[in-house]
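Okay, so here's the structure we're looking at.
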Amino acid sequence: MMEQPTELLKQELLNRARDRCECTRSGCPDHKRGVRCPNELLSVWKPEGEDWHIHLITPAIMGGKYTKSNCKLLCVRCYPEGDSYRDRS
C-alpha cells in the first residue's frame, strides 16, 4: 500500500504555500517559468483531485516520500505538468 500524507503534513504544506499553488514551471497554463502560479488553493482540504494535488518531486516509485521538502502543492491546472517538475524546477 502506498504511503499517504498525514493531516499534519497537509497543514504544513498549506501554511508554506500561503494558500497558493507552488508551481514555478514554464509550460503551465497560468504563468511563466520562475514566476509563481497565481491560482489560490482552498484552505479547506477537499478530497485530492478536486482543486489541488500534493505532487511528489521525487516519485514514490523512485523512493520519494511524503515530506515537506519533497512535496509541492499544485493546482489542478499545473498538476498535469508536474510529472517533469523534478527535471525543471
Side-chain angles (χ1 to χ4, degrees):
M1 184 174 178
M2 188 171 144
E3 175 189 9
Q4 296 296 312
T6 65
E7 292 302 312
L8 178 60
L9 176 64
K10 290 177 184 180
Q11 191 58 52
E12 288 175 347
L13 292 172
L14 189 61
N15 289 341
R16 179 185 74 193
R18 296 185 182 154
D19 295 327
R20 218 170 99 208
C21 178
E22 294 185 292
C23 185
T24 56
R25 289 200 53 250
S26 61
C28 288
D30 294 328
H31 57 91
K32 297 176 184 174
R33 184 182 181 125
V35 176
R36 190 167 168 192
C37 178
N39 293 334
E40 292 184 8
L41 306 171
L42 296 179
S43 294
V44 178
W45 288 96
K46 291 184 171 185
E48 188 170 1
E50 290 190 30
D51 65 351
W52 61 272
H53 293 274
I54 295 177
H55 174 69
L56 292 176
I57 297 167
T58 300
I61 197 165
M62 296 176 73
K65 304 280 185 200
Y66 280 101
T67 62
K68 196 172 172 182
S69 63
N70 191 46
C71 294
K72 286 197 178 279
L73 291 183
L74 302 180
C75 68
V76 294
R77 290 182 51 89
C78 292
Y79 186 73
E81 299 295 327
D83 286 343
S84 60
Y85 202 97
R86 63 191 166 85
D87 299 330
R88 301 180 190 186
S89 60

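Source: prediction; values computed, not measured.
Taken to the nearest 0.5 Å, the SG atom of C21 stands 10.5 Å off from the NE2 atom of H53. Separating the CG atom in D19 from the CG atom in N39 is a distance of 13.0 Å, to the nearest 0.5 Å. One distance of note links CD of E7 with CD of E12; it measures 12.0 Å at 0.5 Å rounding. Taken to the nearest 0.5 Å, the CG atom of N70 stands 5.5 Å off from the CD1 atom of I57.
For the side-chain contact (heavy atoms from CB on, under 4.5 Å) test, residues two or more places apart in sequence or in another chain that qualify with R36 are A17, R20, E22, T24. Legend: residues meeting side-chain contact (heavy atoms from CB on, under 4.5 Å) with T6, ordered by chain and number and at least two apart, are L8, L9.
The two residues C23 and L74 make their nearest non-hydrogen contact at CB-CD2, 3.6 Å. Residues L41 and W52 approach most closely at CD2-CB, 3.8 Å, considering heavy atoms. Scanning both residues, L56 and G64, for their nearest heavy atoms gives CD1-O, 4.4 Å.
The main-chain N or O of K68 is found under 3.5 Å from a side-chain atom of R16 such that the two form a donor-acceptor pair.
Between C71 and Y66, the closest side-chain pair of non-hydrogen atoms falls below 4.5 Å.
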